[in-house]
Amino acid sequence: MSVVPRRPTTAFTSIDFDRPGRQIGFVMFPHSPHDDAWGVTRVPIAVVANGKGPTVIMEGGNHGDEHEGPIVIGELARDLDPAAIQGRLILMPANNVHAVTASLRTSPIDGLNFNRTFPGDPAGTITQQISAYVTDHILPLGDAFLDLHSGGSSLDFIPSAIIEPTTDEALAKRNTEAARAFDAPCTVVVPNLGDQRTATATACRLGLVTIGTELCGAGRVSSEALDVCRRGVRNVLAHLGVMEAPARPATVAAKQILELRDSSAYVYAPSDGVLETFHALGTPVRAGEPGGRIHRTWEPGHPPETISYARDGTLFARRHPGRVRPGNCCLVVASPV
Ligand code: CA
């Protein structure tokens, strides 16, 4: 357990985190590019607070090409009646704001993947400054953290609630219960091969009940994913005691939890070409079974290369663009825990 101490920052905000009611504003990060010597990068933030209850932090736009979370968080910021909750929501719909406005996974300002910069650096580039502010000044305010991702430009997922693994067994149990409460079509443990530089890993280290999502993807806005996200967020707020429980079917407890066990969950492209996949998302698959092939369309004498699953499970995600290069992630298999 390494808890990062609060580091000095040049960022500032007009939000009063202790005030009840609704506030919508920005965290301002001094930013001095060629055309704006004394300007700021504005990261949007809203607080909706009423009475006594837990503080729930919701993040969207961690990656800028994943749109459902930011849409749903914006709806809550505008439309949620403070009187309908007991507690406080800290709503950050577009944390890597330059990536969000560019609709890119990574920031066009410094080229960084926000979700590989935690715990950040308050004296680093803009992306590192934002992750440092979230680590030092936002997450310590929270009891729970929801990081709403979708598949982005390169992947398409079964809409899923994601469990961040943690060695803290009591927290792991609470994370699992919260992810189950989200009630997405799938609930999946995603360890990111042990990477600790993510927002959710950081929130777990700080002891917050932490869940994520992966909601369809392909860089589009999916109405199915939006429905899952709108309902899921309210389900979790009810689970945490912030809102009244919505009426919903009692399907939650029956759902099996899946996981991306290790690197065998992923099928990477071995060669350069165009990817044909064989199975729809949700298909049960077996280790050794062909999952697709890569066509070298510009070399007709070159036969296609078959790629195969490396473990038994359910086809959880697929690459969206056809064009693949060696090392690209093509298929992802989730297996029962
Ligand atoms: Ca993502």
Side-chain angles (χ1 to χ4, degrees), residues 54-60 62-63 66 68-69 72-73 76 87 89 91 115 139 142-151 155 157-196 198-217 224-243 245-246 248-261 265 281-282 313-314 316-317 332-337:
T55 293
V56 181
I57 300 163
M58 290 192 208
E59 171 177 87
N62 174 313
H63 295 127
E66 305 177 6
E68 288 87 355
V72 170
I73 294 173
L76 289 172
L89 305 188
L91 303 166
N115 216 27
L139 291 177
D143 299 293
F145 179 60
L146 278 63
D147 194 13
L148 302 178
H149 289 248
S150 302
L155 289 173
F157 284 89
I158 302 172
S160 300
I162 304 299
I163 300 170
E164 172 76 31
T166 167
T167 52
D168 178 337
E169 284 181 24
L171 184 60
K173 186 162 178 287
R174 297 172 74 201
N175 291 350
T176 300
E177 286 165 356
R180 273 189 188 281
F182 194 97
D183 198 19
C186 264
T187 306
V188 185
V189 182
V190 177
N192 286 306
L193 300 174
D195 206 315
Q196 293 298 300
T198 64
T200 48
T202 306
C204 278
R205 282 200 296 280
L206 294 169
L208 282 75
V209 172
T210 300
I211 69 163
T213 61
E214 293 294 354
L215 302 162
C216 300
E224 178 195 8
L226 274 177
D227 284 348
V228 169
C229 191
R230 286 185 181 116
R231 277 186 281 108
V233 160
R234 281 173 163 75
N235 288 341
V236 172
L237 290 176
H239 170 76
L240 295 170
V242 178
M243 290 177 80
R248 63 196 168 105
T251 54
V252 183
K255 270 185 202 145
Q256 190 175 35
I257 293 181
L258 305 177
E259 69 174 347
L260 307 187
R261 181 82 46 82
L281 292 178
T314 299
F316 172 55
V332 184
V333 176
S335 310
V337 168

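Hydrogens, waters and symmetry mates are skipped; everything else that's a heavy atom, side chains included, is used.
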Can you name the nearest heavy-atom pair linking [X] to [Y], along with the distance?
X    : Y    : result
P185 : P159 : CD-O, 3.2 Å
A199 : D147 : CB-OD2, 3.7 Å
V333 : G313 : CG1-CA, 3.6 Å
L139 : I57  : CA-CD1, 3.7 Å
F182 : A161 : CB-CB, 3.9 Å
V242 : P54  : CG2-CG, 3.7 Å

>> When you measure from the side chain of T213 to the backbone of S160, do you find a donor-acceptor pair of N or O atoms at a distance under 3.5 Å?
In response: no

>> Looking at L208, is its backbone amide N or carbonyl O close enough to the side chain of T210 to form a donor-acceptor pair, meaning the two atoms are under 3.5 Å apart?
In response: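 Yes, the answer is positive, given that a donor and an acceptor are paired below the 3.5 Å cut-off.
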
Let me confirm one number: the [atom1]-[atom2] distance from [X] to [Y], rounded to the nearest 0.5 Å.
X    : Y    : atom1 : atom2 : value
I158 : T187 : CD1   : OG1   : 11.0 Å
F316 : L155 : CZ    : CG    : 9.5 Å
N175 : D168 : CG    : CG    : 8.5 Å
L146 : L91  : CG    : CG    : 10.5 Å
E66  : N115 : CD    : CG    : 8.5 Å
I211 : C204 : CD1   : SG    : 11.0 Å

> Do V72 and L226 have side-chain heavy atoms sitting under 4.5 Å apart?
Replying inline: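 Yes, side chains in contact.
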
> Can you tell if the side chain of L258 reaches within under 4.5 Å of the side chain of S335, non-hydrogen atoms only?
Replying inline: no

>> Among E164, R205, H149, E59, which residue satisfies the side-chain hydrogen bond (donor to acceptor under 3.5 Å, both in side chains) criterion with T200?
In response: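 For T200, the side-chain hydrogen bond (donor to acceptor under 3.5 Å, both in side chains) check succeeds only for E164.
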
> Any luck finding a side-chain donor-acceptor pair between E68 and S150 under 3.5 Å?
Replying inline: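 Yes, because at least one side-chain N or O of E68 sits under 3.5 Å from a partner of the opposite role on S150.
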
>> Taking side chain to side chain contact (heavy atoms under 4.5 Å, CB included) as the criterion, tell me which of I73, L89, L76, V228 meets it with V233.
In response: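 That would be L76.
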
>> My understanding is that only one of T176, I163, V189, V188 makes a side chain to side chain contact (heavy atoms under 4.5 Å, CB included) with V337; could you say which?
In response: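 Checked T176, I163, V189, V188 against V337; only one passes side chain to side chain contact (heavy atoms under 4.5 Å, CB included): V189.
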
>> Using a strict threshold of under 4.0 Å (side-chain N to carboxylate O), is an ion pair present between K173 and E177?
In response: yes

> Listed by chain and number, what are the salt bridge (Lys or Arg N to Asp or Glu O under 4.0 Å) partners of R261, not counting sequence neighbours?
Replying inline: E259

>> For E224, I'd like to know if atom CD has over 12 heavy atoms of other residues, nucleotides or ligands within 6.0 Å.
In response: no

